[in-house]
Number of protein chains: 2
Amino acid sequence: MHMQKSWWQKKFKKAGLRLTGPRLVIIDILSQTNNHLSAEEIYLTLRRENKSNNIGLTTIYRTLDVLVRLGIVYKFDFGDGRTRYELSEGPNGFHHHHHLVCTGCGHIVDYTDFIDEEKELLDRTEKGLAKKYNFSIHHHLIQFYGLCEHCR
Amino acid sequence: MHMQKSWWQKKFKKAGLRLTGPRLVIIDILSQTNNHLSAEEIYLTLRRENKSNNIGLTTIYRTLDVLVRLGIVYKFDFGDGRTRYELSEGPNGFHHHHHLVCTGCGHIVDYTDFIDEEKELLDRTEKGLAKKYNFSIHHHLIQFYGLCEHCR
DNA sequence: GTTGTATTGATAACCATTATCATTAATGAG
DNA sequence: CTCATTAATGATAATGGTTATCAATACAAC
Ligand SMILES: [Mn+2]
Ligand SMILES: [Mn+2]
Ligand SMILES: [Zn+2]
Ligand SMILES: [Zn+2]
């Protein structure tokens, strides 16, 4: 009974990193939610669901760092004082989106509206900036801030 | 000999806040640079230039908080572990721009290229999102990340 | 000038994230 | 499968940017 290798397992192989219990469990937690979890939230979820005896908070931070380096996870600052993480890709491939952030309650909306137009403009902007300022650009960040209907 | 009121003095008045020495000095520091200063950098600049006997770091944080609330200063996280601040407006009015961040050395470029096109798309996006998700949107954030020629 | 109150600064506390280091376990060779 | 190598882990302490406290100070309205 061999499990098919998921998209992220290959990345570990290629980087020469070990597929450990904690790493599998943390990716599992992230793939089970649409939320943008903080390290502590992952930690608490693990304890609550008894997913693994006791993974240290330190390991969560280290693992997230690895996942970000491998491009498996994206890292965000939404201004609430803690870094938040989200899987970069689901089983159905990338889900390119940007964020709408409520500065009242911290609620976050993943939106894909206008993404195609944005992408076109961003590509053009990226090329222009790269040339003019001699940068090699790797990624971008777009966020809208406001108040949700509840916090209005 | 009456000094003309600057754009930000009115905001203090309207908000019923006092125009104190420390506040004036901190705004002065920010208006004297194109850099995106952290609280500690402002603190050190003050001591170095002897702008005022001894303004406490606490006061810097509190003042920056006030300035952000009044819209006199913008607050940014460029991923280097400290919050950075920038005057929202110069003597010649707003200078709308976005940021290009070097993840190697932290160097930041203010760019205005493509701003008009971005603005058009952003306005449209903003309206669309506001309606669809029932948000009142106040501001947005656009940043490009990469490596400058030095860090390549 | 007097007065009421917002503001300040020294200090301690907070809290998310990192560094340390001895212990454990994933992996590849045999 | 067994073993040896060494990356990874977890308990703990430390770090560092930011906040809370509170008595002392200084705006600004009269
Ligand atoms: Mn998201
Ligand atoms: Mn800027
Ligand atoms: Zn809200
Ligand atoms: Zn650089």
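A, B, ... follow the sequence lines: proteins, then strands. Residue 1 opens every chain.
Looking only at atom types and distance, the side chain of B:His98 has a donor-acceptor partner in the side chain of B:Glu118 under 3.5 Å away. For the residue pair A:Tyr43 / A:Glu41, no side-chain donor-acceptor distance below 3.5 Å is found, with atom types taken as modelled.
Proximity of A:Thr20 to the phosphate of D:dT9: a side-chain N or O atom is located under 4.0 Å from OP1 or OP2. B:Thr83 has no side-chain polar atom (N or O) that falls below the 4.0 Å cut-off from OP1 or OP2 of D:dG17. Phosphate contact (OP1/OP2 of D:dA7, side-chain N/O of A:Arg18, threshold under 4.0 Å): absent. Regarding contacts with the backbone of C:dC15, every side-chain N or O of A:Arg82 stays at 4.0 angstrom or more from both OP1 and OP2. Within the structure, a side-chain polar atom (N or O) of A:Asn54 is placed less than 4.0 Å from OP1 or OP2 of D:dA11.
Considering all non-hydrogen atoms of both residues, B:Asp110 and B:Asn34 come closest at OD2-O, 4.4 Å.
Ring pair B:His140/A:Tyr145: centre-to-centre distance not below 6.0 Å. The six-membered or imidazole ring of B:His99 lies near that of B:His36, with a centre-to-centre distance under 6.0 Å.
Taking atom CZ on A:Arg62 and atom P on D:dG10, their separation rounds to 8 Å, with Å as the unit. B:Tyr61 places its OH atom 7 Å from the P atom of D:dG17, with the value rounded to the nearest Å. Distance CD1 (B:Ile42) to P (D:dG17): 14 Å, rounded to an integer number of Å. Rounded to an integer number of Å, the gap from CG of B:Leu64 to C1' of D:dT19 is 14 Å. Atom CZ in B:Arg84 sits about 11 Å away from atom P in D:dG17, given to the nearest Å. Atom OH of A:Tyr43 is separated from atom P of C:dC15 by 17 Å (rounded to the nearest Å). Between the CZ atom of A:Arg47 and the P atom of D:dG10 there is a distance of 11 Å, rounded to whole Å. Between A:Glu40 atom CD and C:dC14 atom P there is a gap of 16 Å when expressed in whole angstrom units.
At a threshold of 4.0 angstrom between heavy atoms, the contacts of B:Gly81 are confined to the sugar-phosphate backbone, with no base atom among them.
Among the nucleotides C:dG9, D:dA8, C:dT17, the one closest to the side chain of A:Leu57 is C:dT17.
Not a single donor-acceptor contact under 3.5 angstrom links the side-chain atoms of B:Thr58 to the base of D:dT18.
Nearest-nucleotide mapping onto DNA chain D: of B:Leu17 and B:Asp65, the residue sitting toward the 5' end is B:Asp65. Comparing B:Gly21 and A:Pro22 against DNA chain D, the residue whose closest nucleotide sits nearer the 5' end is A:Pro22.
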